[in-house]
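To keep things clear, I will list the structure first and then write my remarks on it.
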Amino acid sequence: MTPGHDTPLGAVQREGHQPGSGSSGNWLSNPHLLLIVRLVLAVIFIYAAFQKIGKPLAFADEMKTYGILDMGPPLYIMAIVLPWLELICGVALVSGIFLRGSVLVLVVLNVVFITAVSIRTADLIKAESISFFDVYYDCGCGFGATYAWKKLLENTVFLILCVVLLLAPSYRFALGYSRRSE
Amino acid sequence: MRIVNLRFDLWYVAPEDLPRGRIAEAGKRITRPAKSKDCGSWQLLFFSVDYILFSMNRLRNTLLQAMVIVVAAFVVGFAYNSFSVNGINPFKRIADVPIVEDPGNEVTEGIRFVDLEKTLEIIERGAVVIDSRVAEEYDHGHIPGAVLLDYYDMGNYLDEVLPILSPDQEILVYCYSPTCDDAELLARELFTLGFTRILVFKGGYEEWVESGQPVER
């Protein structure tokens with residue numbers, strides 16, 4: 001399924017499937033919008049990854065505070081692998097190789113993270129009897145301590161951006177994706 | 001308007017007067033990709049099946065890509081970890097380090113938790129005191145005579161600290177406060193390295209300062 005391969009319809013393939021005009025014809029397929037979304041997400045995740053890459057112990061310690069995983073192999077394996085997962089996905093977003101797969105991985109990561117933060121927030125609310133908007137702690141993602149509701153909001157936005165990327169019919173400005181190669 | 005199917009996933013709208021079988025000429029006259037609403041009922045069936053197969057293909061490819069990425073992250077992560085100064089062994093973390101509960105028991109190997117009084121006693125006896133906090137905190141003030149061994153940067157400090165420790169010497173470790181368990185983690189780590197008499201001052205620097213003990217800067 002390579003573009004412009006020799007068919008009688010070589011010409012129309014290029015015309016008929018311009019991502020700009022979009023077979024779905026809506027803003028979801030605008031290649032420039034997709035590129036911007038990709039770059040924004042990439043910068044965020046690559047930065048977060050660099051904060052954590054050489055420091056598995058510190059990251060594991062922060063993850064322990066969530067109270068979901070305790071000390072032990074699963075926690076440490078996550079502390080070793082997760083920063084690299086973020087880095088690889090960030091690189092994939094920028095370069096455009098394995099784009100859809102990495103976006104899927106990011107969707108999963110975001111969902112898990114939002115769930116974890118919600119659980120932790122609920123625990124903190126119950127334990128310290130504070131209101132939802134007062135919950136403040138270091139989430140361990142590499143950006144320092146912030147309010148929990150801010151974290152939840154940010155990551156919901158990331159999740160939406162990732163879903164937008166996933167739903168796009170095709171990508172331009174991406175290595176590994178030529179017209180009609182998916 | 002007619003629907004033309006060129007390949008299993010390529011459906012196009014072509015003008016009515018395009019002769020059947022003259023697909024070769026279609027190139028210049030096909031107007032646009034077909035959508036489901038362009039199809040007649042029979043065509044809709046095939047169109048839908050093709051669409052589903054195509055979507056499944058895309059789903060399969062996406063899942064494959066995701067799997068490759070996860071595997072790559074594991075491989076690179078563990079590789080980097082083995083060469084990194086701060087690398088950890090995820091399978092041998094909390095070894096079966098015995099925690100000696102009985103305060104009177106001074107014989108059994110293991111780690112013990114001690115209070116301020118016992119701590120002062122132990123320091124009197126000449127134990128090595130290790131500060132498990134970060135460099136900035138250490139510089140700000142530490143227990144007199146304490147050596148810095150940042151738990152989260154252990155690789156960098158072990159080279160300097162290990163030579164001054166000996167296996168049956170008493171080692172006292174402390175951290176910021178009772179809520180910080182870095183001291184305990186460092187104690188366990190030291191135990192797995194072969195040091196047998198490790199004491200953890202649970203109260204930490206906080207209790208030391210609060211009780212008015214002298215500090216060194």
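Computed over heavy atoms, backbone and side chain alike; hydrogens, waters and symmetry mates excluded. We name chains A, B, ... by the order of the sequence lines, and we start the count at 1 in each one.
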Study note, to complete from the structure: Greatest number of non-hydrogen atom pairs under 4.5 angstrom with chain A, of B/Ile69, B/Val70, B/Val68, B/Asp182, falls to B/Ile69

**Study point:** A/Leu85, part contacting chain B, at a heavy-atom distance under 4.5 Å
**Key:** both

Practice item. To the nearest 0.5 angstrom, please state how far the CG atom of B/Leu64 sits from the CZ atom of A/Phe98. Key: 8.5 Å

Review point. Going from CG on B/Asn81 to CD1 on A/Ile53, what distance comes out if it is rounded to the nearest 0.5 angstrom?
Key: 11.5 Å

Practice item. Please look at B/Asp153 and chain A and tell me whether the side chain, the backbone, both or neither of the residue comes under 4.5 angstrom of a heavy atom of that chain. Key: neither

Review point. What's the verdict on side chain to side chain contact (heavy atoms under 4.5 Å, CB included) for A/Ile77 and B/Phe74, showing C-alpha distance, side-chain angles and the deciding distance?
Key: CA-CA 9 Å; A/Ile77 292 178; B/Phe74 266 85; 3.7 Å; yes

**Study point:** Note, A/Val81 side chain near B/Phe78 side chain (heavy atom, < 4.5 Å)
**Key:** yes

Review point. Looking only at heavy atoms, which two atoms of B/Gln65 and A/Leu99 are closest? And how far apart?
Key: OE1-N, 3.8 Å

Practice item. Below 4.5 Å from any heavy atom of chain A, which atoms of B/Val75 appear? Answer side chain, backbone, both or neither. Key: neither

Check your understanding: Any chance NZ of A/Lys55 has more than 12 other-residue heavy atoms, nucleotides or ligands included, within less than 6.0 Å?
Key -> no

Check your understanding: With only heavy atoms counted, which part of A/Leu104 is less than 4.5 Å from chain B, the side chain, the backbone, both or neither?
Key -> side chain

